[in-house]
Amino acid sequence: MSNKKVENKFKKVAVLTSGGDAPGMNAAIRAVVRGAVFYGIDVCGIVRGYDGLIKGDIIPMDGYSVSNIIQRGGTILKSARSDEFRTKEGRAAAFENIKKHNIDGIVAIGGNGTFTGAKIFFAEYGVPTVGVPGTIDNDLYGTDFTVGYDTAVNTALSGIDKIRDTADAHDRIFFVEVMGRDSGYIAIRSAIGGGAELAMIPETKTSTSYVIEKLKEVSSHSKSSHIIVVAEGDEEGNAQEIANRVKRAVPHLDIKVTNLGHIQRGGSPTAADRVLASRLGLGALEGLLEGRSNVMAGVINRSLVYTSFEDAIFKKKSYNKELVRMIEILSGRSYRFRVNDKDRVPYKEE
Ligand code: F6P
């Protein structure tokens, strides 16, 4: 797209953030607003996502309203998971406000739920919408990384580093739960970066009995600390549940559980997230102005791409099996991946 003011049907666009917040959302809002100013288009912000659209909580924005936010976590537009937007009545009320405020198109920053809402709204009312993938889970097809993921991994990592100190001092086994409702992306990267012994993720069938067997084996050799990262969505249960089962099987071990929780959602975005958010925010706006709709902007192999909401939501992004394979090897413990021994293989494909 050339850097000229565009002459097209767009006189005013709106930007919103919806679903779980993610570090870098502010950088994305800034890119949309500054982009709109650059192209000479009016821009407004919808407060609290689709709930704000239904209530008419819509504010004018300009270049100054996004000053000094690129480094801030959270979202200046606030976020919500709107139950009302799931109803026909809610969406009808939202469309009334689209007309009232003369909004020609929307940039929606969020995850699966956000794009599902946008897709239905487009089908019913034809309001052009382009998405920016903003979720710490990194679970959207059509982009290598989502905005917020890198920061969340680094936050998890700094927690794991601290846990490692105390785990080592006391020769303790720690089960550390990280976020990821249906995905193990945060778990995989933070396990490798944090030198964990194992990651238990929803994408693979992880066997608690394998963990028990290995812990029995290790404790009989020597005392040592272990860190096992558990993605919250693991099919074996949450970290506390898994740890309880392990404790019953190996009662002599000193086992602790830490849930890193919502700290992973906050904090100043990393450089990688700020750059990604800036690129995708502007990319989404420019896509909208070029006539795209019902698509999500993403970056794959360093190139800006657009993927239909349908694919972004429903296609499964493959996790990196090579990274998963590395975790145990690099932990350097007596954990061993025995290729031909089915019972001892920790990860089984679903
Ligand atoms: O989708 C992002 C996420 O942080 C998930 O990892 C987690 O399961 C969920 O949001 C938590 O949502 P809430 O903040 O509404 O409890």
Side-chain angles (χ1 to χ4, degrees), residues 18-20 22 24 81 86 108-120 122-123 129-153 156 177-193 198-207 229-239 242 264-265 272-273 276-277 280 283-284 287 292-328 345-350:
S18 159
R81 300 187 201 274
R86 291 177 212 271
I109 305 166
N112 263 310
T114 306
F115 300 155
T116 302
K119 184 171 158 293
I120 296 170
F122 180 76
T129 304
V130 177
V132 172
T135 165
I136 64 165
D137 286 358
N138 196 33
D139 59 349
L140 289 165
Y141 181 89
T143 190
D144 289 338
F145 299 109
T146 55
V147 171
Y149 169 62
D150 186 64
T151 309
V153 168
E177 184 172 312
V178 296
M179 276 189 165
R181 197 177 9 216
D182 304 306
S183 66
Y185 294 101
I186 297 176
I188 293 171
R189 252 180 148 72
S190 58
I192 293 176
L198 201 66
M200 302 179 78
I201 57 172
E203 289 85 348
T204 61
K205 268 210 170 323
T206 322
S207 139
V229 178
V230 182
E232 67 170 314
D234 190 74
E235 77 288 346
E236 292 271 296
N238 63 32
I242 294 168
Q264 295 160 93
R265 287 252 292 268
D273 271 333
L276 181 67
L280 292 181
R292 294 176 204 271
S293 182
N294 224 12
V295 294
M296 179 194 84
V299 171
I300 296 181
N301 291 334
R302 302 201 297 175
S303 297
L304 184 72
V305 293
Y306 298 93
T307 301
S308 69
F309 281 149
E310 176 81 15
D311 285 354
I313 299 162
F314 294 111
K315 279 199 176 167
K316 189 86 186 138
K317 179 152 92 180
S318 58
Y319 67 98
N320 190 333
K321 293 187 179 128
E322 179 55 16
L323 293 184
V324 173
R325 191 182 73 87
M326 283 164 53
I327 298 172
E328 275 198 87
V345 173
Y347 302 106
K348 292 179 189 151
E349 292 298 318
E350 290 207 289

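In this structure, F115 and F309 have parallel ring planes: the angle between them is below the 30° cut-off, well short of the 60° mark.
Minimum heavy-atom separation, M179 to Q264: N-OE1, 3.0 Å. Contact detail for A284 and G131: the closest heavy-atom pair is CB-O, 4.1 Å. Heavy atoms only, all atoms of each residue included: S190 and V178 are closest at OG-CG1, 4.1 Å.
To the nearest 0.5 Å, the span separating CG on N320 from CD1 on I192 amounts to 7.5 Å. Here L140 contributes atom CG and K316 contributes atom NZ; the two are 10.5 Å apart, rounded to the nearest 0.5 Å. Annotation: the span from I188 atom CD1 to M200 atom CE amounts to 13.5 Å, rounded to 0.5 Å. Note that CG of L276 is 9.0 Å distant from CG of D150, once rounded to the nearest 0.5 Å. Between R189 atom CZ and I327 atom CD1 the span is 11.5 Å, to the nearest 0.5 Å.
Judged purely by atom type and a 3.5 angstrom limit, Y306 uses its side chain to pair as donor or acceptor with the backbone of G283. Here the side chain of K317 pairs no donor or acceptor atom with the backbone of D139 at under 3.5 angstrom. Looking only at distances, a side-chain donor or acceptor of T143 sits under 3.5 Å from a matching main-chain atom of V299. Without hydrogens or angle criteria, S293 side chain to T129 main chain gives a donor-acceptor distance under 3.5 Å. Using a distance-only test at 3.5 Å, with no hydrogens or angles considered, a donor-acceptor pair links the side chain of T146 to the main chain of T135. Distance alone, capped at 3.5 Å, places no donor-acceptor pair between the Y319 side chain and the V324 backbone. Distance alone, capped at 3.5 Å, is enough to place a donor-acceptor pair between the E232 side chain and the G180 backbone. Side-chain atoms of D273 never come within 3.5 Å of backbone atoms of V147 as a donor-acceptor pair (strictly under, hydrogens ignored). In this structure, the side chain of E236 does not engage the main chain of I242 through any donor-acceptor pair within 3.5 Å. Listed for the D144 side chain is a donor-acceptor partner under 3.5 Å among the backbone atoms of N301.
At least one side-chain heavy atom of L304 sits under 4.5 Å from a side-chain heavy atom of L280. Annotation: side chain of M296 is not in contact with side chain of Y141 (no heavy-atom distance under 4.5 Å).
For D137, there are no side-chain hydrogen bond (donor to acceptor under 3.5 Å, both in side chains) partners two or more places apart in sequence or in a different chain. Partners of K315 according to the side-chain hydrogen bond (donor to acceptor under 3.5 Å, both in side chains) rule, which considers only residues two or more places apart in sequence or in another chain, do not exist here.
Checked for salt-bridge contact, K119 and E310 meet the test: a charged N lies under 4.0 Å from a carboxylate O.
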